[in-house]
Amino acid sequence: MIQVRRDFKFDKSAVLVLLTSEQAKSESVPVKDKALLAELQKAVAAGQFEGNGGELFPAVSGKKLILFVGLGKEKDVNRTALCMAVRRALLSAGLKKVASLEILPHADTAEDAIAIIEAAVIGVYAWKKYVSVKKDDKSVSKKDIFVVASPREEYSAIVKVAENVNFARDLVNENADVVHSLFLEKVVRGIVRGKGNVSLEVLDRKKMLARKFGLLLAVNQGSNKEPRVLIARYRGAGKKEPYTAVVGKGLTFDSGGLNLKPTGHIETMRSDMSGAAAVIAVLKTALELKIKKNIIFACAIAENAIDANAYKPGDVVVGYSGKSVEIGNTDAEGRLVLADVLSYIVDKDKPARIIDIATLTGAVVVALGHDYSGLVSNNDSLAEELLASARATDDRLWRLPNYPELKDSMKSKIADIKNTSNWRGAGGTMTGAEFLRQFVDKTTWAHLDIAGTAFVDNDVRLYYGHGATGVGVRLLTHFFQNN
Ligand code: BES
Ligand code: ZN
Ligand code: ZN
């Protein structure tokens, strides 16, 4: 449990975590409590603590425990640095068995408080369902954490959003044979059950056949699992207000199909439904926070598996839009399932804006690494709004060009378009985006490529531990709260 309260109690059962920059060494360190200030100055005078970034120093004051946490140079302290430092402190060995904590920000600002909340919810998250643990191990999520700050209304929403980031992460981290299409359908049904202002359309195989979702069905053809399209239409605003649609890529596993992924690339492919997980988590958040917008939440769910029925390189497939697509590579399946759902929603709902979120290309990792998701858009205002939400939430985005000329590289001799480019992999993220753009007509559109940001495979990244990051949940929630 995490709570913000104005004053600190410093009772003897609690540990006080005090954040401070290198200002700790100066006369003007902003620590108001006299006893605490004395302890800090004692540690500094003894050369035991300087407030450097990454520094942790435990001190005892009477019978009370204090953990000093260094933040480095004051001018370098920002939200990410705060979040990383608090994460490190909360996971430190000394606090392992502590049940209750008070955290004192280094300044009484919303930036500090939000960073601490997110460190305590998002930063300490770990997927341990299948790891045997000792009975008396207290995970950080079980601790009582009090942030000592001036309360603000927005904090309770920040906690909810952070918890729903972790909700998305659980969906991604769980085995692909557990989180399959029917499981996700159940999750979405559970979220919308009993809610008057949201209606759910579920397309099963039969309905998809009737509606000619040839591309999505082709991708799922080698799987023994059902394909699904889930569309939740949420009305948080008046009937006349326009709809914005968000569409998530939901490949519950991406083997690559007959263009099979090699060892080293296939192991994390249960994360290929991270876009859908984000969409579902934002739907949950919109209902919980009663976001006052009209939003269509859609997921394109399939499994790219192999058996004798699997779709094949060289096939030509026609989807909902009527365009024929040559399959250049069965591993470029995300753009296929999205194409059917994008063109369906554009056709049926005519939303004012449509945003897709997808683990679409390995190329985005080459271009932007693992902390920035790629953004491609045909509309500068929409792009700016998304970038502003990215800055406000630290759910980072970087814009790549909208690049219509790339269509020429996806020409096919036997179909209207091909799902791969002839340009030998150059600009792969923009090619993927350009393919999708062919299916949204003139609709204001943005594409979020989260292939680099959705999953931490090895080292910790920023304040994310191993596994799913829940990318997109904070970003899209903020976007809908503000646009
Ligand atoms: N799901 C992958 C993209 C991906 C890569 C996600 C790494 C997460 C981490 C996608 O379906 C894919 O395989 N894309 C291909 C496209 C190519 C064949 C044109 C790729 O990026 O290699
Ligand atoms: Zn693929
Ligand atoms: Zn994929």
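Just so you know, these numbers use all the heavy atoms, side chains as well, and skip hydrogens, waters and symmetry mates. As the structure lists them, so they are numbered: ligands from 1, and atoms in each ligand from 1.
Contact annotation: Gly334 places no N, O or S atom under 2.8 Å from the Zn ion (ligand 3).
Looking at Thr244 and Arg353, their side chains do bring a donor and an acceptor atom within 3.5 Å of each other. Under 3.5 Å, the side chains of Asp457 and Thr268 contain no donor-acceptor pair of N or O atoms. Donor-acceptor pairing under 3.5 Å is lacking for the side chains of Ser409 and Asn422. If you check the side chains of Glu434 and Asn402, you find no donor sitting under 3.5 Å from an acceptor. Side-chain contact annotation: Asn220 with Tyr311, donor-acceptor N/O pair under 3.5 Å absent. There is a side-chain donor-acceptor pair under 3.5 Å between Asp254 and Asn304.
The nearest pair of heavy atoms linking Ala237 to Lys292 is CB-O, 3.7 Å. Residues Leu386 and Leu397 share a closest heavy-atom pair of O-CD1, 3.8 Å.
Using a 4.0 Å cut-off between heavy atoms, Asn259 makes no contact with ligand 1 at all. Residue Asp331 touches ligand 1 through backbone and side chain together, judged by heavy-atom distances below 4.0 Å.
Listed for the Asp449 side chain is a donor-acceptor partner under 3.5 Å among the backbone atoms of Leu360.
When only non-hydrogen protein atoms are considered, atom 14 (N) of ligand 1 lies nearest to Leu360 O, 3.3 Å. The protein heavy-atom contact nearest to atom 21 (O) of ligand 1 is Gly362 N, 2.7 Å. Nearest to atom 17 (C) of ligand 1 among the protein's heavy atoms is Ala332 CB, 4.2 Å. What sits closest to atom 6 (C) of ligand 1 on the protein, heavy atoms only, is Ala451 CB, 3.6 Å.
Which parts of ligand 1 touch Asp272 is read off a 4.0 Å heavy-atom cut-off, strictly below it: atoms 1 (N). Atoms of ligand 1 found under 4.0 Å from any heavy atom of Lys261 (numbered from 1 in listed order, with element): 2 (C), 12 (C), 13 (O). Near Glu333, meaning under 4.0 Å from one of its heavy atoms, ligand 1 places the atoms 11 (O). Residue contact check: Thr359 has heavy atoms under 4.0 Å from atoms 1 (N), 2 (C), 3 (C), 6 (C) of ligand 1. Within ligand 1, counting atoms from 1 as listed, the ones closer than 4.0 Å to a heavy atom of Asp254 are 1 (N), 2 (C), 10 (C), 11 (O), 13 (O).
Ligand 1 is never approached by His265 to a heavy-atom distance shorter than 4.0 Å.
Applying salt bridge (charged side-chain N to carboxylate O under 4.0 Å, His left out) to Glu118 and the options Lys160, Arg87, Arg474 leaves one that passes, Arg474.
Below 3.5 Å of separation, one finds no N or O of Gly334 facing any N or O of ligand 1. Close N/O approach between Asn419 and ligand 1 is not found [any backbone or side-chain N/O within under 3.5 Å].
Note that the NZ atom of Lys186 and the OG atom of Ser181 stand 12.0 Å from one another [nearest 0.5 Å].
Rounding to 10 degrees gives 100° for the angle at the Zn ion (ligand 3) between OE2 of Glu333 and OD2 of Asp272. Centred on the Zn ion (ligand 3), the NZ atom of Lys249 and the OD2 atom of Asp254 lie at an angle of 170°, reported to 10°.
Considering each of His370, Lys249, Met269, the one bringing a non-hydrogen atom nearest atom 9 (C) of ligand 1 is Met269.
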